[in-house]
Amino acid sequence: MHSADAPQFDYVVVGAGTAGCALANRLSKDPRNRVLLLEAGGSDRYFWIHVPVGYLYTQNNPRTDWCLKTEAEAGLNGRALNYPRGKVLGGCSAINGMIYMRGQKQDYDLWRQAGNEGWSWDDVLPYFRRSQDHFGGGDTWHGAGGEWRIEQPRIAWDILDTFRDAAAETGIPPVDDFNRGDNEGCGYFQVNQRRGVRWTTAKAFLRPARRRPNLVVVTHARTTGLLFDGRRCTGVSYVERGISKSVIAVREVILAAGAIGSPQLLEVSGIGRADLLRDRGIEVRHDLPGVGENLQDHLQLRTIFALQDAVTLNEQAQSWWNKAAMGLNYMLFRAGPLTMAPSQLGAFARSDPARETPDLQYHIQPLSLDRFGDPLHAFPAITASVCNLRPTSRGSVHVRDRDPVTPPAIAPHYLSTDEDRRVAVASIRLTRKIMAAPAMARHAPEELKPGAALTSDAALVEAAGDIGTTIFHPVGTCAMGPGSDEAAVVDPRLRLRGIDGLRVADASIMPRITSGNTNSPTLMIAEKAADMILADVRA
């Protein structure tokens, strides 16, 4: 229930992450629209957010990360994984790998073929282009002058060039752009940076918009529930620095809290699978079984090879003198290893030649370590992480109890299908083939993980469970679908089924995960959502 003096806004956007920052910008562009943006995290004025290599210090840091964990996963041999999610203005764009990636034309065409009118590749390409400020300028595929800056990496490594040559020898051709609808090939990733500094959606979309008097941004504001008048969502309740508050949304509430946060907020508000909500002590407002289901993520298998006669970051980082030189190079020229995204070279390939399009993505790094957060190895090595772009495993995100602050149970169910286990085995074997190509021979690669002695399918499935880790791409938990899809949470205009005045516009609405990194597709969703929201007012 609203308090008598609750403030009113036309739109209340929950979550100032990748989608929320863009939505706040687009919806507030019309000065007649009063927009409130609520963010549970804090300011992005933190040094390590802006230095590209700072992801090492923002992930698993409670200042910038929710520090979530998955449930123990049977497919990962009983391991639970850290599950970073941005807890700051800019959300995951402030702590992610900065890779600009759209996925494949087929991804969006399949969304459309499943009954989601308006979501084909041809439909969404203009939204990708609208945001772009591409280093190459505008053309058929890319936009110029937009908010979302895309640049080439500012450092190269000979060993990565060698890997690209080896990939070519195994049938994966060199490419210079992964974002024209067909991303097959091997090349350097384009990154969301501006002159060597991380470029987040808070910088790109929110900072320019905050000067507008009709946009209010509140940080440290944890949304605790949705408010209703019958079947209409009329606002939200939230806690700002320990003080409970409520606000009225005259037109709409838009959830942009991500694939973890959005289903959690729906469930604590009584929207979800009725039996599950009752079991958690939550009064059922609207039985919507798809909420929290259909979780999809990209599981990467981190294969590591020791090398001879190669320059990698491993040995360079052992010297304090080298570290100081790297820091000075960055301070003076915004160049060098401190500008590195977590992965510099990428490749898209097929686990089976019969595949119509690539179903594997590589993230190749001139470094190695036992696990994230550990020191780099002291010897030259390369990490070739490979993920299944189209997992058939499906997981879930569900509340544990009625308390909106309790972290939800995140169960991705990695490697839970025969198909995903088959692709995992094929991807390790393809990686070995690339590393055994003639171009790599002068570096005498020695497989450290998973280990060359493992050769049978069963042994490689077990190894995949040991070395697999998330690549931080959760999607699908409020999936979009037509009226005939009983599992759909939102319709193709992102309106919540059965409730008026409520939409979801973030990665959770993807019915199927895209074939690549998910940050820029999430931005596209926000762009398209803003257009639909404003069009519905004019209709």
Side-chain angles (χ1 to χ4, degrees), residues 18 51-56 59 92-104 107 128 131-136 141-143 148-168 172-201 204 298 300 302-303 312-313 334-349 358 360-367 382-387 389 431 434 470-473 513-524:
T18 294
V51 179
V53 79
Y55 68 89
L56 294 168
Q59 294 183 16
C92 290
S93 74
I95 68 171
N96 70 0
M98 296 165 283
I99 293 171
Y100 182 79
M101 187 65 59
R102 295 171 173 172
Q104 298 173 7
D107 299 332
F128 279 115
S131 297
Q132 280 190 303
D133 183 21
H134 194 266
F135 68 89
W141 307 109
H142 297 293
W148 199 224
R149 180 63 180 170
I150 298 141
E151 296 187 347
Q152 294 176 306
R154 299 169 74 90
I155 185 172
W157 297 82
D158 288 343
I159 188 60
L160 298 184
D161 294 339
T162 301
F163 185 98
R164 184 175 55 187
D165 292 341
I172 306 170
V175 294
D176 61 1
D177 188 351
F178 290 124
N179 291 294
R180 295 177 180 139
D182 175 8
N183 53 17
E184 186 165 14
C186 184
Y188 281 89
F189 289 124
Q190 296 168 8
V191 293
N192 292 121
Q193 294 181 13
R194 183 179 289 279
R195 295 186 292 274
V197 177
R198 175 190 287 270
W199 196 240
T200 71
T201 55
H298 289 142
Q300 63 173 344
R302 296 182 61 253
T303 69
T312 72
L313 190 61
R334 294 291 187 263
L338 270 66
T339 67
M340 287 171 58
S343 302
Q344 298 78 53
L345 188 74
F348 290 82
L360 299 178
Q361 180 181 6
Y362 281 88
H363 291 76
I364 304 105
Q365 307 157 329
L367 53 84
I382 191 171
T383 299
S385 294
V386 58
C387 71
L389 289 170
T431 308
I434 295 170
T470 177
I471 207 164
F472 320 129
H473 296 165
I513 195 166
T514 54
S515 299
N517 309 73
T518 53
N519 188 247
S520 288
T522 301
L523 176 58
M524 175 277 294

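Reckoned from all heavy atoms, side chains included, excluding hydrogens, waters and symmetry mates. These numbers were taken from a predicted model, which means no experiment stands behind them.
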Participant: Would Y100 and Q132 count as having a side-chain donor-acceptor pair, cut-off 3.5 Å?
Facilitator: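 Short answer, yes.
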
Participant: Is any side-chain heavy atom of V197 closer than 4.5 Å to one of T339?
Facilitator: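 Result no, sub-4.5 Å side-chain heavy-atom pair not found.
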
Participant: Say you draw a straight line from CG of D177 to CD1 of I150; how long is it, rounded to the nearest 0.5 Å?
Facilitator: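 So the CG of D177 and the CD1 of I150 are separated by 9.5 Å.
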
Participant: Nearest 0.5 angstrom please: S385 OG to Q300 CD, how far?
Facilitator: 4.0 Å

Participant: Is the shortest heavy-atom distance from the side chain of M340 to the side chain of W157 under 4.5 Å?
Facilitator: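 M340 reaches W157 side chain to side chain.
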
Participant: Evaluate the side-chain proximity of R198 to N96: yes if any heavy-atom separation is below 4.5 Å, no if none is.
Facilitator: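 In contact.
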
Participant: For G196 and E151, which heavy atoms make the closest approach, and how far apart are they?
Facilitator: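 Smallest heavy-atom distance, with atoms named: N-OE1, 4.0 Å.
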
Participant: Near D158 CG, under 6.0 Å, is it more than 12 heavy atoms from other residues, nucleotides or ligands?
Facilitator: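 No, CG of D158 has 12 or fewer neighbouring heavy atoms, counting only those of other groups under 6.0 Å.
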
Participant: Please check: side-chain N/O of R180 versus main-chain N/O of W141, any donor-acceptor pairing under 3.5 Å?
Facilitator: no

Participant: So, taking the atom named OG1 in T431 and the one named CZ in R302, what distance separates them when rounded to the nearest 0.5 Å?
Facilitator: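 Atom-to-atom, T431:OG1 and R302:CZ are 13.0 Å apart.
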
Participant: Measure from NZ or CZ of R194 to the centre of the six-membered ring of W199, then state whether that distance is under 6.0 Å and the direction lies within 45° of the axis.
Facilitator: yes

Participant: Pick one: which of M101, Q344, Q152 meets side chain to side chain contact (heavy atoms under 4.5 Å, CB included) with F189?
Facilitator: M101

Participant: Using every non-hydrogen atom in the two residues, find where G185 and F178 come nearest and quote the distance to one decimal.
Facilitator: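 Taking every non-hydrogen atom into account, O-CE2, 3.6 Å.
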
Participant: Quick one: do the T201 and S93 side chains pair a donor with an acceptor below 3.5 Å?
Facilitator: yes

Participant: Give the minimum heavy-atom separation between F163 and A384, together with the two atoms involved.
Facilitator: CE1-CB, 4.1 Å

Participant: Between the side chains of S520 and W148, does any donor sit under 3.5 Å from an acceptor?
Facilitator: yes

Participant: Using only heavy-atom distances, determine whether the side chains of N519 and H473 contain a donor-acceptor pair under 3.5 Å.
Facilitator: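 Their side chains do not contain a donor-acceptor pair, so the 3.5 Å distance test is not met.
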
Participant: Does S131 reach the side chain of M524, with side-chain heavy atoms less than 4.5 Å apart?
Facilitator: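 No. Closest side-chain heavy atoms not under 4.5 Å.
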
Participant: To the nearest 0.5 Å, how far apart are CD1 in I155 and CG in L338?
Facilitator: 9.0 Å

Participant: Assess the residue pair F135 and V191 against the criterion (side-chain contact (heavy atoms from CB on, under 4.5 Å)); give the C-alpha distance rounded to whole Å, side-chain angles, the decisive distance to 0.1 Å, and a yes or no.
Facilitator: CA-CA 10 Å; F135 68 89; V191 293; over 6 Å; no

Participant: For the aromatic rings, using the six-membered ring if either is Trp, is the centroid distance between H298 and F472 under 6.0 Å?
Facilitator: no

Participant: Can you name the closest pair of heavy atoms from D182 and E184 and give their distance?
Facilitator: OD1-N, 3.2 Å

Participant: With a 4.0 Å cut-off on N to O distance, would you call D107 and R102 a salt bridge?
Facilitator: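 Salt bridge between D107 and R102, a charged N being under 4.0 Å from a carboxylate O: no.
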
Participant: Do P153 and Q190 come close enough that some side-chain heavy atom pair is under 4.5 Å?
Facilitator: no

Participant: Side chain of R149, backbone of D133: donor and acceptor closer than 3.5 Å?
Facilitator: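 Flag set: sc R149 to bb D133 pair under 3.5 Å.
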
Participant: Between L389 and S515, which heavy-atom pair has the shortest distance, and what is it?
Facilitator: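 Smallest interatomic distance, heavy atoms only, reads CD2-C, 3.5 Å.
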
Participant: Distance from L345 atom CG to I364 atom CD1, nearest 0.5 Å?
Facilitator: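 Output value for this atom pair is 4.0 Å.
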
Participant: Just checking, is any N or O donor in the side chain of N517 or Q361 under 3.5 Å from an acceptor N or O on the other one?
Facilitator: yes

Participant: Roughly how far, to the nearest 0.5 Å, is the CG atom of D165 from the SG atom of C186?
Facilitator: 9.0 Å

Participant: Taking all heavy atoms of G97 and all of A341, pick out the closest pair and write down the distance.
Facilitator: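 What the structure gives for the nearest pair is O-CB, 3.3 Å.
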
Participant: Pairing donors with acceptors under 3.5 angstrom, does anything connect the side chains of Y362 and S343?
Facilitator: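 Y362 vs S343: no donor-acceptor pair found between side chains.
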
Participant: If we check side chain to side chain contact (heavy atoms under 4.5 Å, CB included) with L367, which of these qualifies: I382, L313, I159?
Facilitator: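 So the option named by the test is L313.
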
